[in-house]
Each structure stands twice: as structure tokens, then as C-alpha cells.
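Here the structure comes first, spelled out in C-alpha cells, and everything after it is commentary.
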Amino acid sequence: MSKLSEKFLAARNYDLAGTLTSGQAFRWRAVGQEWLGVVRGNPVLLRQEAGGVVGRGLGGGPADWQVVADYLQVSVEIDAVTETFPKDGVMERAVEACRGLRLLRQEPWECLASFILSSTKQIVQIQQIVRALCECYGERIVVQSEVIKEPLYSFPSAERLAGLDEAALRSCKMGFRAPYLLETARRVASGAVDLEGIRHLKTAEAREVLVSLPGVGEKIANCVLLFAYGFQDAFPVDVWVKRAVTELYFPKRKPTEKRLRRFIETHFGPNAGYAQQYLFHYMRVRKR
DNA sequence: CTCCAGGCGCCTT
DNA sequence: AAGGCGCATGGA
């Protein structure tokens, strides 16, 4: 592997490992000191360096580093974002514990499909299911590297999955989520739902479109709005975030569901989505 | 072994 | 509107 294929992506205060393992994306795998993954069809190895991220392209041709930079959101001034978080002990601790954590800007279809598979699954299990799906129905990507021995696969397109049946999907161990993924793939592939068009809608309208898909409720819709489209006001509330907010902000008495929702909507400011990810990751790293 | 996981859909009140 | 339950699978 020649040095020529390396690319330095400048980024101030970027925690690559934290970002890639914080439950936003499920395809990254540690290989030595690097992270192996596929970004919009570009097979890459990424590693942390002072002042940024270094990428190595693994494909036959040159990798599209503009696409990778956008995916990683390296140009986001993260300090300016965390600056807008509420000045309370909880968020200060979360920022301290997760310094450099970013929200990714993922491909909508991969993000949507992955989160349909996420319901009542631990992150390791989501990774396993997604990996099985890619190995079975993704396209083989030829890797030019002596280091990476195993084959890489693209994330299977909606069109590809739409042509399968439920049993084929169940073979990837996704259980009751199979019919949801299949029907959603068919609606996306047929054009009944336009994932690119969602980009130009307001948050509430975009959420409405996503929630209309089978297997997609408020939580998963918010994950896609935040992790794929960058709607900063989308705030996924899962068991961890609910637990975090309840324990950290209402230690005395458990709030009602309505009270909890209202608190979340008003407390976290203009970058609530980012705040949510810091809370989520903080709860997870705190546990270990 | 039991418990529960980045939920959702559907059926009761 | 709000609450309860089943769903399929496998880590912990």
C-alpha cells in the first residue's frame, strides 16, 4: 500500500473511535489502530491523528474523500456546538466524557434500514445482523490491500432487498423485523417514498414521511433524521436516553411520560440532537 | 437458567 | 390518548 493513497482530513477535536462506535453506524470494525468501513461505496481505513483523521483508500480507483469528509462531518466546529448545550452538571459531565464526538452524516437508505433492524437489539447484535445482510445481499467490493484479507461488501440497495422475500431476510437473523424491512425497501424502491426528497422538508414533515413506513416509529424516524439528514432538532428517545434523563434530571421522582417529553423538547437547545448523542454515549462509556 | 436490548404495531381501556 | 403485550434472537 503506497503512501500516495493516504488522505489527511483536518478536523479540530475529533474523536474517531467514539464517533464510529457510538451506535450511529454499525459497519465499522477495528483493524489494528485503524477503522475499516465503506462510505457510499468507498472502502476505506481511517485512523486518528493529531489535528484530524487520516484515510487510506482500499478500492481500485481513488476514494472520494469529499464524500468521506462529509460523512465524518470533519468541518463541524464541535466546540461551538457543545457551547450551546445547557450549562448544567449533567451535560458538562457528558461533554467531558465524550470530547470530540460527532454526529455522522450517513446515507439515508443504509441508516433507515439499519435502524429498522435496531429495535430491541443491543448494538453488537445490530452489527451482526447488518453484517449478515451485507454479506448475503450486498455487492462484493474488491479490496487492494495485503492487510485486509476478508472481502468487503456494499450495503444492499433498497432495489436489491425489494426483490427478495421475507424468508431470505430472516436468514440474516433479523426475526420479526424482516417484513418491516422488506415492505420499506419496496416502498423506497418503487418511489412511493422519496428518500432524497426528505432532505428538503421541514423536520416535522420529514418525520411524518418516515413514520409512514412500516417498522418506523418516532424513535427510529428521529435517528434517521439526525444521523442521515442532519436535522439538529431531531431527538431520538430510547431506553438509554430515557434512563439518562430520568436518573440525572429527575433523581427524586420518576416523571410522567408527558413531563419527560416536554422536558426533552425544551431543555437541550438548538443542538438537541447533538446533546442527545452525548447523553447516550456518556451513559454507555460510564457503564464500563 | 433469566433478563433485556438505540421499538413498533395492534389491541384494550 | 394512554397503557399493555407479543414479536425473534442472542449477549450478558
Side-chain angles (χ1 to χ4, degrees), chain A residues 18-29 94 97-98 101-104 106 108 110-133 135-136 164-187 193 207-229 231 234-248 254-262 264-265 268 272-288:
Chain A
T19 299
L20 298 182
T21 62
S22 61
Q24 306 178 54
F26 304 99
R27 294 244 285 151
W28 292 97
R29 215 164 55 70
C98 308
L101 178 67
R102 308 299 175 97
L103 287 175
L104 296 169
Q106 301 179 56
E110 175 171 342
C111 187
L112 171 61
S114 297
F115 275 95
I116 285 174
L117 300 176
S118 77
S119 67
T120 47
K121 278 292 177 193
Q122 300 179 112
I123 288 175
V124 275
Q125 297 175 319
I126 303 167
Q127 290 167 338
Q128 290 165 5
I129 297 169
V130 169
R131 182 170 185 172
L133 185 69
E135 288 179 358
C136 286
L164 300 173
D165 60 16
E166 193 180 314
L169 291 179
R170 279 182 186 266
S171 73
C172 301
K173 308 299 181 187
M174 65 183 71
F176 63 85
R177 302 157 194 83
Y180 298 151
L181 180 60
L182 182 58
E183 179 57 24
T184 290
R186 288 180 174 165
R187 292 202 200 167
V193 160
R207 183 181 294 119
E208 204 174 326
V209 174
L210 290 171
V211 166
S212 76
L213 294 165
V216 182
E218 291 279 324
K219 191 271 174 182
I220 290 176
N222 282 326
C223 284
V224 178
L225 291 174
L226 189 59
F227 303 146
Y229 297 102
F231 287 91
F235 196 111
V237 180
D238 74 324
V239 290
W240 287 97
V241 170
K242 196 173 287 187
R243 192 174 300 159
V245 172
T246 303
E247 279 180 18
L248 302 173
K254 212 175 107 175
T256 63
E257 189 66 31
K258 193 173 181 180
R259 181 90 180 76
L260 192 70
R261 281 284 347 153
R262 226 191 114 51
I264 285 171
E265 278 168 18
F268 292 98
Y274 254 101
Q276 170 278 153
Q277 193 62 15
Y278 272 70
L279 258 187
F280 178 77
H281 195 55
Y282 172 49
M283 291 299 278
R284 292 186 70 230
V285 297
R286 200 177 66 145
K287 194 157 65 80
R288 27 184 216 256

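Lettering follows sequence order; numbering is per chain, from 1.
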Just wondering, do Phe115(A) and dG6(B) stack (centres under 5.5 Å, planes under 30°)?
no

Do the side chains of Glu265(A) and Phe235(A) get nearer than 4.5 Å, heavy atoms only?
no

If you check every side-chain atom of Gln125(A), which of dG6(B), dA5(B), dA2(C) has the closest atom?
dA5(B)

If I pick the P atom on dG3(C) and the same atom on dG6(B), what distance separates them, to the nearest angstrom?
24 Å

Identify whether any heavy atom of Gln128(A) sits under 4.0 Å from a base atom; if not, whether one sits that close to sugar-phosphate; answer base, sugar-phosphate or nothing.
sugar-phosphate

Using a heavy-atom cut-off of under 4.0 Å over every strand shown, decide if Thr120(A) touches base, sugar-phosphate, or nothing.
base

Only Watson-Crick and G-U wobble pairs with both distances less than 3.5 Å should count. Give DNA chain B in dot-bracket notation, marking inter-strand partners with |.
.||||.|||||||

Rounded to the nearest angstrom, tell me the gap between atom NZ in Lys219(A) and atom C1' in dG7(B).
8 Å

Is Arg243(A) close enough to dA5(B) that one of its side-chain N or O atoms is under 4.0 Å from OP1 or OP2 there?
yes

Under 4.0 Å between any heavy atoms, over every strand shown, what does Arg177(A) touch: base, sugar-phosphate, or nothing? Just pick one.
base

Residue Lys258(A), side-chain atoms from C-beta onward, closest of dG9(B), dA2(C), dG6(B)
dA2(C)

Between atom CZ in Phe176(A) and atom P in dC7(C), what is the gap in whole Å?
10 Å

Have a look at Gly23(A) and say if it touches a base, only the backbone sugar-phosphate, or nothing, with a 4.0 Å heavy-atom cut-off.
base

Tell me, yes or no, whether the heavy-atom count around Arg262(A) atom CZ, taken from other residues, nucleotides or ligands under 6.0 Å, exceeds 12.
no

Expressed as a whole number of angstroms, how long is the span from Arg207(A):CZ to dG7(B):C1'?
16 Å

Please walk me through it: do Glu257(A) and Arg261(A) pass salt bridge (Lys or Arg N to Asp or Glu O under 4.0 Å)?
CA-CA 6 Å; Glu257(A) 189 66 31; Arg261(A) 281 284 347 153; over 6 Å; no

In whole angstrom, give the distance that lies between atom CE of Met174(A) and atom C1' of dT9(C).
12 Å

Consider the side chain of Ile220(A), meaning its heavy atoms from C-beta on, and name the nucleotide among dG11(C), dG6(B), dC8(B) that approaches it most closely.
dC8(B)

Would you check, one step at a time, whether the test side chain to side chain contact (heavy atoms under 4.5 Å, CB included) holds for Leu210(A) with Ile220(A)?
CA-CA 9 Å; Leu210(A) 290 171; Ile220(A) 290 176; over 6 Å; no

Could you state the CZ-P distance from Arg284(A) to dC4(B), rounded to the nearest angstrom?
18 Å

Separation of dC4(B) P from Asp238(A) CG (nearest whole Å)
16 Å

Is Gln277(A) touching bases, backbone alone, or none of the nucleic acid, heavy atoms closer than 4.0 Å?
base

5'-most contact on DNA chain B (nearest-nucleotide basis), Trp240(A) vs Leu213(A), goes to Trp240(A)

Determine the contact category for Phe26(A): base if any of its heavy atoms lies under 4.0 Å from a base atom, sugar-phosphate if only primed atoms, P, OP1 or OP2 are that close, otherwise nothing.
nothing

Do the numbers put Arg286(A) on top of the ring of Tyr282(A), so that NZ or CZ is under 6.0 Å from the six-membered ring centre and no more than 45° off the axis?
yes

d(NZ, Lys242(A); P, dC4(B)) in whole Å:
15 Å

Just checking Val241(A): base, sugar-phosphate only, or nothing, at a heavy-atom cut-off of under 4.0 Å?
base

Using a 4.5 Å cut-off on heavy atoms from C-beta on, say whether the side chain of Val237(A) contacts that of Val245(A).
no

Measure the distance from CD1 on Ile126(A) to P on dA5(B) and round it to the nearest whole Å.
12 Å

Just wondering, do Met174(A) and Tyr180(A) contact through their side chains at under 4.5 Å, heavy atoms?
no

Take atom CD in Glu166(A); do more than 12 heavy atoms of anything else shown fall under 6.0 Å from it?
yes

Heavy atoms under 4.0 Å, any strand shown: does Ser22(A) hit a base, just sugar-phosphate, or nothing?
base

